[in-house]
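To keep things clear, I will list the structure first and then write my remarks on it.
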Amino acid sequence: LSMMANNWKTKKEIMTDYGYSEGTFYSRCKECSLLPDYRDAIIRDGGQRTYVDENRFQNFLRYRSEQYRKRMLDPHLKEDE
């Protein structure tokens, strides 16, 4: 199961490649699942397995980074939240 179709990766592969702990992996997946634009990055087969579409996941991480950058650059945005 080393190279899956469509750039799908297992939890273990994502954790290894991104240096995530299990907790971080699950919190990223949860955050990603709550965003309609990116939720298709997380594939659950109904059992215990979670796969990640890495291309889509990277789009999510870019979006996340952009949101973070905006908050850092624009202090008054914080007050609106």
Do other residues, nucleotides or ligands put more than 12 heavy atoms under 6.0 Å from the CD atom of E66? yes
Residues in side chain to side chain donor-acceptor pair (under 3.5 Å) contact with N55, at least two apart in sequence or another chain: N7
Checking D37 now: which residues fulfil salt bridge (charged side-chain N to carboxylate O under 4.0 Å, His left out) with it, not counting sequence neighbours? none
Under the 4.5 Å side-chain heavy-atom rule for ILVMFWY, direct or indirect, which residues accompany I42? I14, M15, Y18, Y20, F25, Y26, L35, Y38, V52, F57, F60, L61, Y63
Is there a side-chain contact between E13 and E54 (heavy atoms, below 4.5 Å)? no
Taking all non-hydrogen atoms of both residues into account, name the closest pair between S33 and R39 and its distance. O-NE, 3.3 Å
Can you check whether K11 reaches C29 side chain to side chain, under 4.5 Å on heavy atoms? no
